[in-house]
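Structure, as C-alpha coordinates:
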Amino acid sequence: MTADLILTNATVHTVDGARPTATSLAISGGRVVALDAEGQVGPGTEVRDLGGAFVMPGLIDVHNHHALAGRAELFELTFGGELGFDGVLDAVRRWARGLGPDEWVVGGAWASTLVDALSRESARAALDEAAGGRPVALSDDSRHNKWVNTRALELAGVTAATPDPAGGVIVRDPATGEPTGVLLEAAGVLVEHAMRETRTLTGEQHARASRHGIGILHSYGITAFQDAGVSVDILTALKTLDDTGQLDAWVVSSLLINDPIFGFDPIGLPLIELGERYRTEHHRPDFVKIFLDGVPPTRTAAFLEPYLPDEAHGACFHGKTTMPPDELEGWLRRAAEAGLSAKIHCTGDAAVRATLDAVAALRAAGFADTKFQVAHGQFVHPDDLARFAALGVSADISPFLWVPGVIPTAIANVLPAERAARMQPNRALLDSGALVAGGSDWPVSESPNAWEGIQGLITRQDPTGAFPGELWPEQAITLTEAIAAFTLSSARAMGLDDVTGSLTPGKSADFIILDRDPFQSAHTDLAATTVTETWFAGRQVYAK
(Lines give C-alpha, C1' and ligand atoms only; values in the text may rest on other atoms or scores of the structure.)
Protein backbone atom coordinates (compact mmCIF):
# COMPACT_ATOMS: atom_id res chain seq x y z
CA MET A 1 0.00 0.00 0.00
CA THR A 2 1.31 3.43 -0.88
CA ALA A 3 0.77 6.33 1.49
CA ASP A 4 -1.01 9.64 0.93
CA LEU A 5 1.46 11.45 3.19
CA ILE A 6 4.82 10.51 4.66
CA LEU A 7 6.55 12.57 7.35
CA THR A 8 10.27 11.90 7.34
CA ASN A 9 13.22 13.08 9.42
CA ALA A 10 10.88 13.47 12.39
CA THR A 11 11.14 12.78 16.11
CA VAL A 12 7.99 10.71 16.61
CA HIS A 13 6.76 9.98 20.13
CA THR A 14 4.09 7.33 19.55
CA VAL A 15 2.69 6.70 23.09
CA ASP A 16 2.65 3.06 21.97
CA GLY A 17 4.60 0.74 24.25
CA ALA A 18 5.22 -1.70 21.43
CA ARG A 19 7.22 0.94 19.56
CA PRO A 20 7.71 4.15 21.57
CA THR A 21 9.68 6.15 18.98
CA ALA A 22 10.13 6.42 15.24
CA THR A 23 11.64 8.76 12.65
CA SER A 24 8.89 8.61 10.05
CA LEU A 25 5.13 8.33 9.83
CA ALA A 26 3.08 7.11 6.87
CA ILE A 27 -0.61 8.02 6.49
CA SER A 28 -3.24 6.74 4.08
CA GLY A 29 -7.02 7.09 4.03
CA GLY A 30 -6.99 9.13 7.23
CA ARG A 31 -5.17 6.43 9.20
CA VAL A 32 -1.63 5.65 10.32
CA VAL A 33 -0.39 2.85 8.09
CA ALA A 34 3.26 2.56 9.10
CA LEU A 35 6.02 3.96 11.25
CA ASP A 36 8.53 2.91 8.63
CA ALA A 37 8.10 4.78 5.35
CA GLU A 38 10.10 2.36 3.23
CA GLY A 39 7.95 0.90 0.48
CA GLN A 40 5.11 3.36 1.13
CA VAL A 41 6.01 5.96 -1.53
CA GLY A 42 3.89 6.02 -4.67
CA PRO A 43 3.32 8.48 -7.49
CA GLY A 44 0.73 10.42 -5.49
CA THR A 45 2.51 10.39 -2.16
CA GLU A 46 3.36 13.71 -0.51
CA VAL A 47 6.66 13.45 1.33
CA ARG A 48 7.57 16.06 3.94
CA ASP A 49 10.95 16.36 5.58
CA LEU A 50 10.28 17.76 9.06
CA GLY A 51 13.88 18.57 9.84
CA GLY A 52 13.77 16.70 13.15
CA ALA A 53 10.52 18.29 14.39
CA PHE A 54 8.70 16.59 17.26
CA VAL A 55 5.52 14.67 16.34
CA MET A 56 3.12 13.04 18.79
CA PRO A 57 -0.51 11.92 18.96
CA GLY A 58 -3.17 14.59 19.13
CA LEU A 59 -3.86 15.61 22.71
CA ILE A 60 -7.04 14.32 24.35
CA ASP A 61 -9.03 16.31 26.91
CA VAL A 62 -11.17 14.05 29.10
CA HIS A 63 -13.14 16.92 30.66
CA ASN A 64 -14.19 20.19 29.11
CA HIS A 65 -17.28 22.19 28.19
CA HIS A 66 -16.35 23.09 24.62
CA ALA A 67 -19.70 24.56 23.60
CA LEU A 68 -20.05 26.70 26.73
CA ALA A 69 -16.51 27.96 26.18
CA GLY A 70 -17.26 28.71 22.53
CA ARG A 71 -20.48 30.46 23.47
CA ALA A 72 -18.68 32.58 26.06
CA GLU A 73 -16.00 33.59 23.55
CA LEU A 74 -18.56 34.58 20.93
CA PHE A 75 -21.49 35.98 22.89
CA GLU A 76 -20.55 36.77 26.51
CA LEU A 77 -18.41 38.98 28.74
CA THR A 78 -15.23 37.15 29.68
CA PHE A 79 -12.66 38.08 32.30
CA GLY A 80 -10.15 36.25 34.48
CA GLY A 81 -9.98 35.48 38.15
CA GLU A 82 -7.25 38.06 38.62
CA LEU A 83 -9.85 40.85 38.65
CA GLY A 84 -10.86 42.15 42.04
CA PHE A 85 -14.25 43.55 42.97
CA ASP A 86 -13.71 46.91 41.28
CA GLY A 87 -12.19 45.28 38.20
CA VAL A 88 -15.26 43.10 37.72
CA LEU A 89 -17.51 46.15 38.01
CA ASP A 90 -15.42 48.02 35.43
CA ALA A 91 -15.68 45.07 33.02
CA VAL A 92 -19.47 44.98 33.45
CA ARG A 93 -19.68 48.73 32.93
CA ARG A 94 -17.77 48.58 29.65
CA TRP A 95 -19.75 45.60 28.33
CA ALA A 96 -23.14 47.05 29.28
CA ARG A 97 -22.57 50.20 27.22
CA GLY A 98 -23.12 48.21 24.04
CA LEU A 99 -26.37 46.56 25.17
CA GLY A 100 -30.05 47.43 24.97
CA PRO A 101 -31.96 48.79 27.99
CA ASP A 102 -32.97 45.42 29.49
CA GLU A 103 -30.48 43.13 27.74
CA TRP A 104 -28.65 40.58 29.91
CA VAL A 105 -25.00 40.97 30.89
CA VAL A 106 -23.82 37.35 31.03
CA GLY A 107 -20.28 36.14 31.66
CA GLY A 108 -17.51 35.32 34.09
CA ALA A 109 -15.45 34.25 35.83
CA TRP A 110 -15.00 35.94 39.21
CA ALA A 111 -12.58 34.43 41.70
CA SER A 112 -13.87 32.11 44.43
CA THR A 113 -11.95 34.24 46.91
CA LEU A 114 -14.45 37.08 46.32
CA VAL A 115 -17.45 35.25 47.80
CA ASP A 116 -17.42 37.17 51.08
CA ALA A 117 -16.95 40.55 49.35
CA LEU A 118 -19.89 39.91 47.03
CA SER A 119 -22.22 38.63 49.75
CA ARG A 120 -23.52 42.08 50.70
CA GLU A 121 -26.45 44.15 49.58
CA SER A 122 -24.07 47.03 48.92
CA ALA A 123 -22.17 44.85 46.42
CA ARG A 124 -25.43 44.03 44.62
CA ALA A 125 -26.22 47.77 44.45
CA ALA A 126 -22.80 48.44 42.94
CA LEU A 127 -23.48 45.79 40.30
CA ASP A 128 -26.83 47.45 39.55
CA GLU A 129 -25.07 50.74 38.93
CA ALA A 130 -22.33 49.23 36.77
CA ALA A 131 -24.90 47.56 34.50
CA GLY A 132 -27.17 50.60 34.28
CA GLY A 133 -30.07 48.57 35.69
CA ARG A 134 -29.72 45.77 33.13
CA PRO A 135 -29.94 42.19 34.43
CA VAL A 136 -26.54 40.63 35.23
CA ALA A 137 -25.51 37.00 35.77
CA LEU A 138 -21.82 36.33 36.34
CA SER A 139 -20.40 32.87 37.07
CA ASP A 140 -17.52 32.18 39.43
CA ASP A 141 -14.31 30.37 38.50
CA SER A 142 -15.84 26.96 39.29
CA ARG A 143 -18.93 27.76 37.14
CA HIS A 144 -21.01 26.38 40.02
CA ASN A 145 -22.05 29.69 41.55
CA LYS A 146 -23.40 33.03 40.36
CA TRP A 147 -23.39 36.68 41.31
CA VAL A 148 -26.45 38.48 40.01
CA ASN A 149 -27.99 41.89 40.44
CA THR A 150 -31.39 43.23 41.48
CA ARG A 151 -32.96 43.14 38.00
CA ALA A 152 -31.87 39.51 37.51
CA LEU A 153 -33.41 38.56 40.87
CA GLU A 154 -36.64 40.31 39.85
CA LEU A 155 -36.82 38.44 36.53
CA ALA A 156 -36.14 35.16 38.37
CA GLY A 157 -38.81 35.91 40.96
CA VAL A 158 -36.32 35.69 43.83
CA THR A 159 -37.23 37.70 46.95
CA ALA A 160 -36.48 37.57 50.65
CA ALA A 161 -39.39 35.12 50.97
CA THR A 162 -38.05 32.69 48.33
CA PRO A 163 -36.92 29.44 49.98
CA ASP A 164 -33.57 27.93 49.10
CA PRO A 165 -34.04 25.40 46.31
CA ALA A 166 -32.97 21.81 46.85
CA GLY A 167 -29.21 21.66 46.44
CA GLY A 168 -28.74 25.42 46.43
CA VAL A 169 -28.40 28.46 48.67
CA ILE A 170 -29.64 32.01 48.16
CA VAL A 171 -27.08 33.96 50.17
CA ARG A 172 -28.84 36.60 52.26
CA ASP A 173 -27.72 39.69 54.11
CA PRO A 174 -27.70 38.71 57.81
CA ALA A 175 -28.99 42.13 58.85
CA THR A 176 -31.96 42.35 56.48
CA GLY A 177 -32.60 38.85 55.17
CA GLU A 178 -32.54 40.22 51.61
CA PRO A 179 -30.78 38.25 48.84
CA THR A 180 -27.29 39.59 48.25
CA GLY A 181 -27.16 38.34 44.66
CA VAL A 182 -24.78 35.46 45.42
CA LEU A 183 -26.46 32.20 44.39
CA LEU A 184 -24.74 28.93 45.26
CA GLU A 185 -25.14 25.77 43.16
CA ALA A 186 -28.79 25.04 42.25
CA ALA A 187 -29.94 28.49 43.33
CA GLY A 188 -28.31 29.82 40.16
CA VAL A 189 -30.64 27.68 38.03
CA LEU A 190 -33.47 30.05 38.98
CA VAL A 191 -31.67 32.78 37.06
CA GLU A 192 -30.69 30.44 34.22
CA HIS A 193 -34.37 29.73 33.63
CA ALA A 194 -35.18 33.45 33.70
CA MET A 195 -32.46 34.12 31.12
CA ARG A 196 -33.94 31.58 28.75
CA GLU A 197 -37.19 33.56 28.68
CA THR A 198 -35.53 36.50 26.94
CA ARG A 199 -32.06 35.33 25.89
CA THR A 200 -31.84 32.30 23.62
CA LEU A 201 -29.43 31.20 20.92
CA THR A 202 -30.48 29.88 17.54
CA GLY A 203 -29.48 26.46 16.27
CA GLU A 204 -26.98 28.14 13.97
CA GLN A 205 -25.47 30.02 16.93
CA HIS A 206 -25.13 26.81 18.93
CA ALA A 207 -23.33 25.20 15.98
CA ARG A 208 -21.08 28.26 15.72
CA ALA A 209 -20.28 28.00 19.43
CA SER A 210 -19.32 24.33 19.13
CA ARG A 211 -17.29 24.94 15.98
CA HIS A 212 -15.53 27.91 17.58
CA GLY A 213 -14.73 25.92 20.73
CA ILE A 214 -13.31 23.06 18.68
CA GLY A 215 -11.23 25.51 16.68
CA ILE A 216 -9.65 26.76 19.89
CA LEU A 217 -9.01 23.17 20.97
CA HIS A 218 -7.28 22.51 17.64
CA SER A 219 -4.97 25.46 18.25
CA TYR A 220 -3.77 23.67 21.39
CA GLY A 221 -3.39 20.34 19.58
CA ILE A 222 -6.52 18.68 20.95
CA THR A 223 -8.14 16.22 18.54
CA ALA A 224 -10.48 14.36 20.92
CA PHE A 225 -12.38 15.39 24.02
CA GLN A 226 -15.21 14.56 26.37
CA ASP A 227 -17.80 17.26 26.96
CA ALA A 228 -18.68 16.90 30.63
CA GLY A 229 -22.33 18.00 30.44
CA VAL A 230 -24.41 18.50 27.32
CA SER A 231 -27.84 19.83 26.43
CA VAL A 232 -30.03 18.88 23.49
CA ASP A 233 -28.83 22.09 21.83
CA ILE A 234 -25.21 20.96 22.11
CA LEU A 235 -26.03 17.44 20.93
CA THR A 236 -27.88 18.89 17.94
CA ALA A 237 -24.95 21.16 17.11
CA LEU A 238 -22.48 18.26 17.17
CA LYS A 239 -24.69 16.13 14.93
CA THR A 240 -25.19 19.04 12.54
CA LEU A 241 -21.44 19.63 12.32
CA ASP A 242 -20.62 15.96 11.67
CA ASP A 243 -23.44 15.51 9.18
CA THR A 244 -22.02 18.43 7.19
CA GLY A 245 -18.39 17.29 7.41
CA GLN A 246 -17.37 19.97 9.91
CA LEU A 247 -16.68 17.93 13.06
CA ASP A 248 -12.92 17.48 13.01
CA ALA A 249 -12.54 15.80 16.39
CA TRP A 250 -13.60 12.69 18.26
CA VAL A 251 -16.24 13.81 20.76
CA VAL A 252 -17.71 11.86 23.65
CA SER A 253 -20.74 13.48 25.28
CA SER A 254 -21.95 13.21 28.87
CA LEU A 255 -25.76 13.23 29.27
CA LEU A 256 -26.80 15.03 32.44
CA ILE A 257 -28.64 13.02 35.09
CA ASN A 258 -28.94 15.94 37.47
CA ASP A 259 -28.19 19.59 36.79
CA PRO A 260 -27.46 21.92 39.71
CA ILE A 261 -25.76 24.61 37.61
CA PHE A 262 -26.66 24.76 33.90
CA GLY A 263 -30.46 24.81 33.90
CA PHE A 264 -30.65 22.47 30.87
CA ASP A 265 -33.88 20.69 29.95
CA PRO A 266 -34.42 17.77 29.46
CA ILE A 267 -32.12 15.84 31.77
CA GLY A 268 -32.22 12.38 33.32
CA LEU A 269 -34.15 9.56 31.69
CA PRO A 270 -35.72 11.73 28.95
CA LEU A 271 -32.25 12.82 27.85
CA ILE A 272 -30.90 9.26 27.98
CA GLU A 273 -33.77 8.18 25.73
CA LEU A 274 -32.89 10.93 23.22
CA GLY A 275 -29.12 10.51 23.27
CA GLU A 276 -28.70 7.74 20.70
CA ARG A 277 -30.29 9.74 17.88
CA TYR A 278 -27.32 12.14 17.99
CA ARG A 279 -24.66 9.47 17.42
CA THR A 280 -22.52 10.07 14.32
CA GLU A 281 -19.19 8.88 12.98
CA HIS A 282 -17.16 11.17 15.23
CA HIS A 283 -19.63 11.81 18.06
CA ARG A 284 -20.34 9.21 20.73
CA PRO A 285 -23.00 10.07 23.36
CA ASP A 286 -21.64 7.26 25.53
CA PHE A 287 -21.63 8.68 29.07
CA VAL A 288 -23.98 10.09 31.66
CA LYS A 289 -22.89 12.82 34.07
CA ILE A 290 -23.82 13.02 37.73
CA PHE A 291 -22.99 15.93 40.01
CA LEU A 292 -22.52 14.20 43.37
CA ASP A 293 -21.39 17.30 45.22
CA GLY A 294 -20.42 20.92 44.62
CA VAL A 295 -17.13 22.72 45.25
CA PRO A 296 -15.09 23.24 48.43
CA PRO A 297 -14.81 27.07 48.48
CA THR A 298 -18.56 27.43 49.01
CA ARG A 299 -18.72 24.41 51.35
CA THR A 300 -20.85 22.44 48.91
CA ALA A 301 -18.32 19.61 48.48
CA ALA A 302 -18.93 16.50 50.61
CA PHE A 303 -16.11 15.59 53.03
CA LEU A 304 -15.47 12.80 55.54
CA GLU A 305 -14.06 15.35 58.01
CA PRO A 306 -15.58 18.78 58.72
CA TYR A 307 -14.82 22.16 57.25
CA LEU A 308 -13.32 24.91 59.36
CA PRO A 309 -15.99 26.37 61.65
CA ASP A 310 -17.94 29.43 60.56
CA GLU A 311 -21.06 31.24 61.77
CA ALA A 312 -23.33 29.83 59.08
CA HIS A 313 -22.37 26.16 59.41
CA GLY A 314 -20.89 25.66 62.87
CA ALA A 315 -17.98 23.40 63.74
CA CYS A 316 -19.18 20.01 62.48
CA PHE A 317 -20.27 20.73 58.90
CA HIS A 318 -19.10 18.18 56.32
CA GLY A 319 -21.16 19.20 53.30
CA LYS A 320 -23.34 16.56 51.70
CA THR A 321 -23.84 14.66 48.49
CA THR A 322 -26.59 15.59 46.07
CA MET A 323 -28.24 12.18 46.40
CA PRO A 324 -28.23 9.27 48.84
CA PRO A 325 -26.26 6.07 48.08
CA ASP A 326 -29.24 4.05 46.82
CA GLU A 327 -30.22 6.78 44.36
CA LEU A 328 -26.66 7.07 43.05
CA GLU A 329 -26.42 3.32 42.60
CA GLY A 330 -29.82 3.30 40.90
CA TRP A 331 -28.78 5.90 38.34
CA LEU A 332 -25.52 4.10 37.60
CA ARG A 333 -27.45 0.86 37.13
CA ARG A 334 -30.00 2.48 34.77
CA ALA A 335 -27.18 3.98 32.73
CA ALA A 336 -25.25 0.72 32.57
CA GLU A 337 -28.37 -1.17 31.51
CA ALA A 338 -28.74 1.36 28.68
CA GLY A 339 -25.15 0.68 27.62
CA LEU A 340 -23.84 3.97 28.98
CA SER A 341 -20.80 4.71 31.10
CA ALA A 342 -20.68 7.40 33.80
CA LYS A 343 -18.68 10.47 34.79
CA ILE A 344 -19.32 11.46 38.41
CA HIS A 345 -18.35 14.91 39.69
CA CYS A 346 -16.70 14.49 43.11
CA THR A 347 -14.62 17.20 44.75
CA GLY A 348 -14.78 16.02 48.37
CA ASP A 349 -13.46 12.71 49.66
CA ALA A 350 -16.91 11.64 50.92
CA ALA A 351 -18.31 11.97 47.40
CA VAL A 352 -15.38 9.95 46.04
CA ARG A 353 -16.01 7.19 48.57
CA ALA A 354 -19.74 7.13 47.81
CA THR A 355 -18.95 6.75 44.10
CA LEU A 356 -16.49 3.93 44.69
CA ASP A 357 -19.04 2.16 46.90
CA ALA A 358 -21.71 2.45 44.18
CA VAL A 359 -19.32 1.19 41.50
CA ALA A 360 -18.40 -1.77 43.72
CA ALA A 361 -22.08 -2.71 43.83
CA LEU A 362 -22.35 -2.44 40.03
CA ARG A 363 -19.24 -4.57 39.49
CA ALA A 364 -20.61 -7.20 41.87
CA ALA A 365 -23.85 -7.18 39.88
CA GLY A 366 -21.97 -8.13 36.71
CA PHE A 367 -21.39 -4.79 34.98
CA ALA A 368 -17.76 -5.56 34.22
CA ASP A 369 -17.27 -3.44 31.09
CA THR A 370 -19.02 -0.19 32.04
CA LYS A 371 -16.57 2.70 32.30
CA PHE A 372 -16.66 4.93 35.36
CA GLN A 373 -14.79 8.19 35.88
CA VAL A 374 -14.38 10.19 39.08
CA ALA A 375 -14.26 13.74 37.80
CA HIS A 376 -11.90 16.09 39.68
CA GLY A 377 -11.48 13.93 42.80
CA GLN A 378 -8.96 16.39 44.17
CA PHE A 379 -9.44 14.96 47.66
CA VAL A 380 -9.21 11.19 48.07
CA HIS A 381 -8.96 9.43 51.43
CA PRO A 382 -5.80 7.27 51.58
CA ASP A 383 -7.94 4.19 52.21
CA ASP A 384 -9.67 4.72 48.87
CA LEU A 385 -6.64 5.19 46.60
CA ALA A 386 -6.19 1.51 45.74
CA ARG A 387 -9.92 1.10 45.05
CA PHE A 388 -9.66 3.05 41.76
CA ALA A 389 -7.57 0.35 40.10
CA ALA A 390 -9.35 -2.51 41.85
CA LEU A 391 -12.74 -1.31 40.59
CA GLY A 392 -11.57 -0.07 37.20
CA VAL A 393 -12.46 3.56 37.95
CA SER A 394 -10.59 6.27 36.04
CA ALA A 395 -9.36 9.43 37.75
CA ASP A 396 -10.35 12.45 35.63
CA ILE A 397 -7.86 14.99 36.97
CA SER A 398 -8.18 18.73 36.38
CA PRO A 399 -5.27 21.14 35.86
CA PHE A 400 -5.07 24.34 37.87
CA LEU A 401 -6.40 22.42 40.87
CA TRP A 402 -3.07 20.72 41.58
CA VAL A 403 -0.87 23.82 41.64
CA PRO A 404 -1.05 27.01 43.71
CA GLY A 405 -3.74 29.35 42.37
CA VAL A 406 -7.02 31.11 43.05
CA ILE A 407 -9.12 27.99 43.66
CA PRO A 408 -6.58 26.29 45.98
CA THR A 409 -6.31 29.58 47.88
CA ALA A 410 -10.09 29.68 48.27
CA ILE A 411 -10.08 26.04 49.43
CA ALA A 412 -7.42 26.86 52.03
CA ASN A 413 -9.86 29.38 53.51
CA VAL A 414 -12.42 26.68 54.37
CA LEU A 415 -10.38 23.55 55.16
CA PRO A 416 -7.70 22.94 57.79
CA ALA A 417 -4.28 23.71 56.35
CA GLU A 418 -2.98 20.14 56.45
CA ARG A 419 -6.00 18.88 54.48
CA ALA A 420 -6.10 21.78 52.00
CA ALA A 421 -2.44 21.13 51.17
CA ARG A 422 -3.05 17.46 50.31
CA MET A 423 -4.90 17.89 47.05
CA GLN A 424 -4.81 15.79 43.87
CA PRO A 425 -2.82 12.64 44.78
CA ASN A 426 -1.77 11.91 41.20
CA ARG A 427 1.48 10.09 42.05
CA ALA A 428 -0.28 7.86 44.54
CA LEU A 429 -3.07 7.05 42.09
CA LEU A 430 -0.61 6.07 39.35
CA ASP A 431 1.46 4.00 41.76
CA SER A 432 -1.68 2.14 42.83
CA GLY A 433 -2.35 1.18 39.20
CA ALA A 434 -5.19 3.63 38.53
CA LEU A 435 -5.89 5.00 35.07
CA VAL A 436 -5.23 8.75 35.33
CA ALA A 437 -6.68 10.87 32.52
CA GLY A 438 -6.01 14.56 31.90
CA GLY A 439 -8.75 17.13 31.47
CA SER A 440 -8.79 20.91 31.35
CA ASP A 441 -12.31 21.61 32.67
CA TRP A 442 -12.19 24.57 30.26
CA PRO A 443 -13.66 27.20 30.63
CA VAL A 444 -13.26 26.69 34.39
CA SER A 445 -9.60 26.84 33.44
CA GLU A 446 -8.96 29.92 31.36
CA SER A 447 -7.56 27.90 28.46
CA PRO A 448 -7.46 24.23 27.43
CA ASN A 449 -3.67 24.34 27.02
CA ALA A 450 -2.61 20.84 28.06
CA TRP A 451 1.04 21.91 28.28
CA GLU A 452 0.23 24.16 31.22
CA GLY A 453 -1.39 21.15 32.85
CA ILE A 454 1.54 18.90 31.97
CA GLN A 455 4.04 21.36 33.47
CA GLY A 456 1.92 21.60 36.62
CA LEU A 457 1.69 17.83 36.90
CA ILE A 458 5.48 17.57 36.84
CA THR A 459 6.42 20.60 38.97
CA ARG A 460 3.29 21.08 41.13
CA GLN A 461 4.01 24.80 40.67
CA ASP A 462 1.88 27.47 39.00
CA PRO A 463 3.01 27.49 35.34
CA THR A 464 2.23 31.21 35.03
CA GLY A 465 4.41 32.14 37.99
CA ALA A 466 1.65 34.27 39.50
CA PHE A 467 1.35 32.08 42.61
CA PRO A 468 4.51 31.02 44.43
CA GLY A 469 5.28 27.70 46.06
CA GLU A 470 4.37 24.08 45.38
CA LEU A 471 1.21 22.13 46.13
CA TRP A 472 2.03 18.70 47.62
CA PRO A 473 5.19 18.25 45.51
CA GLU A 474 5.46 14.57 46.50
CA GLN A 475 2.57 13.93 44.09
CA ALA A 476 4.53 15.07 41.01
CA ILE A 477 4.60 12.68 38.06
CA THR A 478 6.99 12.32 35.10
CA LEU A 479 6.77 13.90 31.65
CA THR A 480 6.12 10.52 30.03
CA GLU A 481 3.27 9.86 32.47
CA ALA A 482 1.82 13.34 31.99
CA ILE A 483 1.82 13.02 28.19
CA ALA A 484 0.14 9.63 28.51
CA ALA A 485 -2.52 11.21 30.75
CA PHE A 486 -3.38 13.65 27.96
CA THR A 487 -3.29 11.05 25.16
CA LEU A 488 -3.77 7.29 25.46
CA SER A 489 -4.99 7.26 29.06
CA SER A 490 -7.72 9.78 28.29
CA ALA A 491 -8.65 7.79 25.19
CA ARG A 492 -9.00 4.66 27.32
CA ALA A 493 -11.07 6.47 29.95
CA MET A 494 -13.44 7.71 27.23
CA GLY A 495 -13.59 4.45 25.27
CA LEU A 496 -11.76 5.88 22.26
CA ASP A 497 -8.51 3.93 22.47
CA ASP A 498 -9.68 1.73 19.58
CA VAL A 499 -9.38 4.69 17.22
CA THR A 500 -7.02 7.27 18.73
CA GLY A 501 -4.63 8.11 21.57
CA SER A 502 -1.43 6.68 20.07
CA LEU A 503 0.34 6.64 16.72
CA THR A 504 -0.30 2.97 16.13
CA PRO A 505 -0.84 1.57 12.63
CA GLY A 506 -4.56 1.23 12.00
CA LYS A 507 -5.61 4.13 14.23
CA SER A 508 -6.85 7.51 13.06
CA ALA A 509 -4.06 9.80 11.89
CA ASP A 510 -4.55 12.32 14.69
CA PHE A 511 -1.23 13.98 15.41
CA ILE A 512 0.44 17.27 16.21
CA ILE A 513 3.76 18.87 15.34
CA LEU A 514 5.42 20.94 18.08
CA ASP A 515 7.89 23.79 18.08
CA ARG A 516 10.20 21.82 20.39
CA ASP A 517 11.00 18.41 21.78
CA PRO A 518 9.49 18.50 25.28
CA PHE A 519 11.89 15.77 26.39
CA GLN A 520 14.75 18.16 25.63
CA SER A 521 13.11 21.12 27.40
CA ALA A 522 13.33 22.26 30.99
CA HIS A 523 10.25 21.22 32.94
CA THR A 524 9.67 24.83 33.90
CA ASP A 525 9.43 25.78 30.21
CA LEU A 526 6.90 23.16 29.09
CA ALA A 527 3.91 25.53 29.29
CA ALA A 528 5.51 27.58 26.50
CA THR A 529 5.31 24.61 24.11
CA THR A 530 3.51 25.65 20.93
CA VAL A 531 1.57 23.49 18.50
CA THR A 532 2.57 24.40 14.96
CA GLU A 533 0.23 21.96 13.20
CA THR A 534 -2.76 19.84 14.22
CA TRP A 535 -3.99 16.95 12.07
CA PHE A 536 -7.20 14.99 12.46
CA ALA A 537 -7.92 11.82 10.45
CA GLY A 538 -5.10 12.70 8.08
CA ARG A 539 -6.34 16.25 7.45
CA GLN A 540 -4.62 19.39 8.66
CA VAL A 541 -7.11 21.28 10.84
CA TYR A 542 -4.76 23.91 12.30
CA ALA A 543 -1.50 25.57 11.32
CA LYS A 544 0.21 28.34 13.24
Side-chain angles (χ1 to χ4, degrees), residues 4-5 7 10 12-16 25-33 50 53-67 69-70 210-228 238 241-242 245-253 280-284 286 396 399 437-442 447-454 482-515 518 529-544:
D4 301 325
L5 172 67
L7 306 178
V12 183
H13 181 69
T14 67
V15 196
D16 182 343
L25 187 68
I27 296 153
S28 182
R31 295 186 175 276
V32 176
V33 293
L50 292 188
F54 190 87
V55 178
M56 62 174 285
L59 295 163
I60 302 179
D61 188 336
V62 79
H63 190 129
N64 70 36
H65 302 274
H66 84 287
S210 274
R211 189 168 61 246
H212 186 73
I214 293 169
I216 294 171
L217 293 172
H218 285 157
S219 73
Y220 290 106
I222 295 162
T223 55
F225 63 89
Q226 183 168 350
D227 192 297
L238 289 167
L241 292 176
D242 212 15
Q246 300 179 77
L247 184 56
D248 293 325
W250 300 101
V251 184
V252 173
S253 287
T280 62
E281 180 184 2
H282 299 119
H283 173 224
R284 301 183 182 187
D286 283 351
D396 158 4
S440 67
D441 204 10
W442 180 57
S447 92
N449 184 359
W451 292 103
E452 293 181 12
I454 287 169
I483 288 177
F486 278 96
T487 52
L488 187 57
S489 293
S490 281
R492 285 175 175 155
M494 295 158 56
L496 289 176
D497 53 310
D498 59 330
V499 293
T500 193
S502 63
L503 295 177
T504 301
K507 288 190 179 183
S508 183
D510 308 333
F511 63 91
I512 56 177
I513 303 174
L514 304 181
D515 69 338
T529 301
T530 298
V531 175
T532 60
E533 296 182 33
T534 301
W535 290 67
F536 173 73
R539 305 187 304 274
Q540 187 182 75
V541 294
Y542 170 79
K544 185 174 173 63

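Sequence positions, counted from 1, serve as the residue numbers for this chain.
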Donor-acceptor pair, [X] side chain versus [Y] backbone, under 3.5 Å?
X	Y	answer
T532	I513	yes
S490	F486	no
D510	F536	no

Out of curiosity, [X] [atom1] to [Y] [atom2], how far, rounded to the nearest 0.5 Å?
X	Y	atom1	atom2	answer
L5	L25	CG	CG	7.5 Å
T223	I214	OG1	CD1	11.5 Å
T487	D16	OG1	CG	11.0 Å
H63	D441	NE2	CG	4.0 Å
S489	D396	OG	CG	12.0 Å

Sort out for me which residue in Q540, K544, H218 forms a side chain to side chain donor-acceptor pair (under 3.5 Å) with E533. Q540
Can you list everything that forms a ring-ring contact (aromatic ring centres under 6.0 Å, His included) with H212? Sequence neighbours excluded, please. none
Find out whether [X] and [Y] are in side-chain contact, i.e. whether some heavy atom of one side chain is under 4.5 Å from a heavy atom of the other.
X	Y	value
L514	W451	yes
I512	L59	yes
I60	I222	no
W442	I216	yes
V251	M494	no
P57	L503	yes
L241	R211	yes
F511	L7	yes

Could you tell me which residues satisfy side-chain contact (heavy atoms from CB on, under 4.5 Å) with T280, sequence neighbours excluded, listed by chain and number? K239, D242, D243, H283
Could you tell me whether D498 and R284 have a side-chain N and a carboxylate O separated by less than 4.0 Å? yes
Between S28 and V33, does the side-chain contact (heavy atoms from CB on, under 4.5 Å) criterion hold? Intermediate values first, please. CA-CA 6 Å; S28 182; V33 293; 3.7 Å; yes
Tell me the closest heavy-atom pair linking [X] and [Y], and the distance in Å.
X	Y	result
G506	R31	O-NH1, 2.7 Å
L247	H282	O-ND1, 3.6 Å
G29	D4	N-OD2, 2.7 Å
S440	N64	OG-CB, 3.7 Å
A437	V62	O-CG1, 3.8 Å
A491	T500	CB-O, 3.7 Å

Verify side-chain contact (heavy atoms from CB on, under 4.5 Å) between I27 and W535, making sure each step is shown before the conclusion. CA-CA 11 Å; I27 296 153; W535 290 67; 5.7 Å; no
Scan for salt bridge (charged side-chain N to carboxylate O under 4.0 Å, His left out) pairs involving residues 54-65, sequence neighbours excluded, and state none if there are none.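 Listed by first then second residue: nothing to list.
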Side-chain donor-acceptor contact under 3.5 Å, D227 with S253: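 D227 vs S253: no donor-acceptor pair found between side chains.
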